[in-house]
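See structure below.
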Amino acid sequence: MNIQLFNCWYFLFILLSAGGFAGLYLLLRNRSQATVKVVLISLMAFALVLHFMKGLFPPYSLDYSRHLRDSWFINICGANIALFPFMLISKNKYVKDYMFYIGVLSGLIAIFYPIDPILKPDQSAEWIDVLRFYLHHNLLWYVPMLMVLLKLHTIQYRRIWATPIIFLCVKLFIILNQIFQSELGFIDLRGDDIHAIPYVNNSLIWGPDGNISKLIDWACPEFFKTIPVGPHAGETKYWPWFWLIVPCFVIVTPICFCISLIFDFKQFKNDTLKAKHAFRAWKKNTKREKCEL
């Protein structure tokens with residue numbers, strides 16, 4: 001097995017992922033909502049257990065320090081694995097919107113760009129972890145998508161403003177995980193060099209990491225890229241977490257809005273027509289008042 005972009009293994013796992021979703025949908029589509037909810041919660045609970053079980057097989061079983069480090073929830077997919085079971089049983093529509101938008105996006109991005117398996121030096125020796133990767137990330141989009149398609153939750157475009165806020169809160173959850181890791185010795189403590197971060201994960205909390213993530217750099221104000229005070233004042237350094245605030249609203253919100261229109265276009269169309277009629281009435285009244293004067 002050697003998964004690389006656009007080779008046979010790559011497309012095979014995409015087909016298996018799509019087939020798994022289709023199978024679950026066909027299995028659950030005529031079931032009661034109570035049954036569907038129990039199944040989806042069970043799937044997310046299994047994903048959470050599997051997150052901690054990865055220490056039983058390579059590469060984590062061969063590197064205990066890596067197992068301790070990576071068993072924390074230190075990237076967006078790991079954080080979602082931890083939080084989704086609780087979001088799913090919640091009655092809060094906003095967190096379920098977050099589940100849908102970010103879960104589907106993060107899960108599908110990982111399936112179509114499986115960087116973790118690709119970078120493995122020996123995929124055949126770590127094949128169990130490759131399967132775990134695909135299972136985890138498939139569940140991240142399976143469950144939210146089924147939640148919406150099977151009517152456990154209804155998407156409304158009017159609520160998209162909350163998704164970037166919740167997303168930033170999840171990022172805070174991630175950064176707290178890494179702070180505790182550092183303070184408790186799971187990763188190296190920061191040294192004297194303010195620019196040296198001992199362990200940078202792909203959650204982007206410390207700044208852009210790689211060419212793809214730098215695509216969002218344009219939306220970050222220069223203020224959040226500069227050390228404001230102290231002996232290093234004026235030097236370039238991304239503010240942890242804060243640098244993501246503006247890009248989160250500028251980039252995540254339009255993407256979520258476009259996705260919401262697939263499920264809530266009728267309501268958006270009605271609201272647009274109402275706004276259009278209200279504007280015309282206001283314009284007509286303003287013109288009449290000017291004539292009376």
Side-chain angles (χ1 to χ4, degrees), residues 44 47-48 51-52 68-107 109-110 136-137 140-141 143-144 159-190 194-210 212-229 237-256:
M44 289 314 309
L48 182 57
H51 174 80
F52 294 106
L68 291 178
R69 182 191 71 196
D70 290 353
S71 292
W72 293 66
F73 306 109
I74 52 176
N75 56 50
I76 192 63
C77 291
N80 286 340
I81 288 291
L83 298 174
F84 274 12
F86 305 101
M87 291 182 174
L88 191 57
I89 63 177
S90 169
K91 295 182 179 180
N92 190 302
K93 295 180 179 180
Y94 296 97
V95 298
K96 288 186 176 179
D97 281 350
Y98 167 84
M99 270 189 70
F100 177 74
Y101 295 126
I102 305 302
V104 171
L105 285 172
S106 61
I109 288 172
H136 258 155
H137 290 89
L140 282 178
W141 73 271
V143 171
R159 295 195 298 261
I160 58 169
W161 61 269
T163 298
I165 296 175
I166 299 173
F167 188 52
L168 287 169
C169 290
V170 173
K171 291 288 187 180
L172 275 179
F173 172 74
I174 294 170
I175 202 170
L176 285 173
N177 265 267
Q178 194 151 29
I179 289 172
F180 279 116
Q181 276 189 309
S182 176
E183 293 300 314
L184 296 176
F186 288 87
I187 58 177
D188 294 335
L189 293 172
R190 182 188 294 277
I194 192 173
H195 296 282
I197 300 171
Y199 175 60
V200 179
N201 59 59
N202 59 5
S203 62
L204 307 183
I205 53 177
W206 307 106
D209 178 27
I212 294 179
S213 61
K214 288 180 180 178
L215 293 174
I216 68 175
D217 183 47
W218 62 269
C220 176
E222 288 296 325
F223 179 72
F224 288 135
K225 302 177 186 178
T226 308
I227 299 175
V229 295
K237 187 179 188 304
Y238 289 81
W239 292 25
W241 185 79
F242 284 93
W243 85 274
L244 285 169
I245 294 176
V246 176
C248 208
F249 281 95
V250 171
I251 297 172
V252 173
T253 305
I255 293 174
C256 294

### Task
Begin from the C-alpha positions of Met87 and Asn80 and carry the test side-chain contact (heavy atoms from CB on, under 4.5 Å) through to its verdict.
CA-CA 9 Å; Met87 291 182 174; Asn80 286 340; 5.7 Å; no
### Message
Evaluate Ile255 against Tyr101 for side-chain contact (heavy atoms from CB on, under 4.5 Å), listing each step before the verdict.
### Response
CA-CA 9 Å; Ile255 293 174; Tyr101 295 126; over 6 Å; no
#### Entry: Evaluation steps, side-chain contact (heavy atoms from CB on, under 4.5 Å), between Val252 and Ile102
CA-CA 9 Å; Val252 173; Ile102 305 302; 4.3 Å; yes
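Heavy-atom minimum distance, Ile227 versus Ile194: CD1-CD1, 4.2 Å. Taking every heavy atom of both residues into account, Trp141 and Gly107 meet most closely at CD1-C, 4.0 Å. Shortest non-hydrogen contact noted between Ser71 and His51 is O-NE2, 2.9 Å. Considering all non-hydrogen atoms of both residues, Cys248 and Pro164 come closest at SG-O, 3.8 Å.
Trp243 places no side-chain N or O within 3.5 Å of a backbone atom of Lys237 that could act as its donor or acceptor partner. Using a distance-only test at 3.5 Å, with no hydrogens or angles considered, a donor-acceptor pair links the side chain of His136 to the main chain of Ala47. The main-chain N or O of Gly207 is never found under 3.5 Å from a side-chain atom of Lys225 such that the two would form a donor-acceptor pair. The backbone N or O of Arg69 sits less than 3.5 Å from a side-chain atom of Gln181, completing a donor-acceptor pair.
Here the CD1 atom belonging to Ile81 is positioned 4.0 Å from the CG atom belonging to Leu140, to the nearest 0.5 angstrom. Here the CH2-CG distance, from Trp72 to Leu184, works out to 5.0 Å after rounding to the nearest 0.5 Å. One distance of note links CH2 of Trp239 with OG1 of Thr226; it measures 9.0 Å at 0.5 Å rounding. Atom CZ of Phe224 is separated from atom CG of Leu244 by 10.5 Å, given to the nearest 0.5 angstrom. Rounding to the nearest 0.5 angstrom, the gap separating the CG atom in Leu168 from the CH2 atom in Trp241 is 5.5 Å. Going from atom CZ of Phe167 over to atom CZ of Phe249 covers 11.5 Å, rounded to the nearest 0.5 Å.
Put simply, the side chain of Ile205 does not reach to within 4.5 Å of the side chain of Pro240, judged on heavy atoms. In this structure, the side chains of Val143 and Phe84 stay at 4.5 Å or more apart for every pair of heavy atoms. Between Ile175 and Leu172, the closest side-chain pair of non-hydrogen atoms falls below 4.5 Å. Between Phe223 and Val246, the closest side-chain pair of non-hydrogen atoms is not below 4.5 Å. Counting heavy atoms from C-beta on, the side chains of Ile251 and Trp218 come closer than 4.5 Å. Between Tyr98 and Val170, the closest side-chain pair of non-hydrogen atoms falls below 4.5 Å. Taking the side chain as every heavy atom from C-beta outward, Ile216 and Cys220 never approach each other to under 4.5 Å. Looking at Asn177 and Phe186, their side chains never come closer than 4.5 Å, going by heavy atoms from C-beta outward.
Taking the six-membered ring for Trp and the full ring otherwise, Phe52 and Phe73 have centroids separated by under 6.0 Å.
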